[in-house]
Amino acid sequence: AQRYGCSALIIYSDPEDYAPSGTLVYPNGPSLPPYGLQRGSLLQSQGDPLTNGVPSLDGVFRESYSSVMASEAVPSIPVQPIGYGDAIYFMSQLDVIAVPNHWIGGLNVNYYHIWQSDNNTNQTFIQVNNYQEQRTIYDVIGTIYGKVEPDQMVILGNHRDPWVFGAVDPNSGTAVLQEMARAFGTLRTKGWRPGRSI
């Protein structure tokens, strides 16, 4: 979108993929409801884009954000996800240039176009209130060394990413990991050690 001069990009998850016909949507079923949207990333690199390929530690050289945007590793235009219930209003405004058949989704609207005609004066505005900040994050790591094969590792983990609520994002995984840590701690107080390192 940015290569073709767009000032912003609005994306949605089509019901063809996330709420196929005949499936129930949340809270009555597992499929994405009309107001649901996906959170994710358009990042085109691994890890911190400012320190691509190396750990983002103090003292490591960092690229400027403007140079990372110029390399298209991160978008230089705002990208806003919306639910397909909202997308229907935007898609219904597009009335020129039909899309290829494999782009046709599951919305019940004649939205299979990618351009707005000249006599269509409707406009869409996106207001962005984001701040680019460098923040310090911490990983909590615990190790119990194995008794028999300490160089053999059993790795237990859970994602602790900073999306919205951070560590509580994957509640079930966090609960299991915390309970395992508690149980292993109780066993260690009784002299137990695993065969392999955990």
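As a basis for the values below, the full set of heavy atoms in this structure was taken, side chains included, without hydrogen atoms, waters or symmetry mates.
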Non-neighbouring partners of F90 that pass ring pair (Phe, Tyr, Trp, His ring centres under 6.0 Å), sequence neighbours left out: none
Within 6.0 Å of CG in N101, more than 12 heavy atoms from elsewhere: no
Donor-acceptor contact present, side-chain Q80 to main-chain L9, <3.5 Å: no
Backbone N/O of E72 and side chain of S76: donor-acceptor pair under 3.5 Å: no
Pairs meeting criterion salt bridge (Lys or Arg N to Asp or Glu O under 4.0 Å) with involvement of residues 114-134, two or more places apart: E133-R135
By side-chain contact (heavy atoms from CB on, under 4.5 Å) - contacts of T121 (at least two apart): none
Residues that, via side-chain heavy atoms closer than 4.5 angstrom, fall in one hydrophobic cluster with Y35: Y26
Non-hydrogen atoms of R193 and Y145 that approach each other most closely: NE-O, 3.1 Å
Shortest non-hydrogen contact from D95 toward S117: OD1-N, 2.7 Å
Residues S67 and S64: side-chain donor-acceptor under 3.5 angstrom: yes
Under 3.5 Å donor-acceptor, S197 side chain and P150 backbone: yes
Residue pairs involving residues 141-152 (criterion salt bridge (Lys or Arg N to Asp or Glu O under 4.0 Å); sequence neighbours excluded): E149-R196
Side-chain donor/acceptor of N120 to backbone N/O of Q93, under 3.5 Å: yes
Within 6.0 angstrom of Y89 OH, more than 12 heavy atoms from elsewhere: no
For S71, all residues meeting side-chain hydrogen bond (donor to acceptor under 3.5 Å, both in side chains), sequence neighbours excluded: none
Side-chain donor-acceptor contact under 3.5 Å, Y12 with D14: yes
Taking every non-hydrogen atom, the tightest pair across M91 and L107: CG-CD1, 4.5 Å
CH2 (W192) with more than 12 external heavy atoms under 6.0 Å: yes
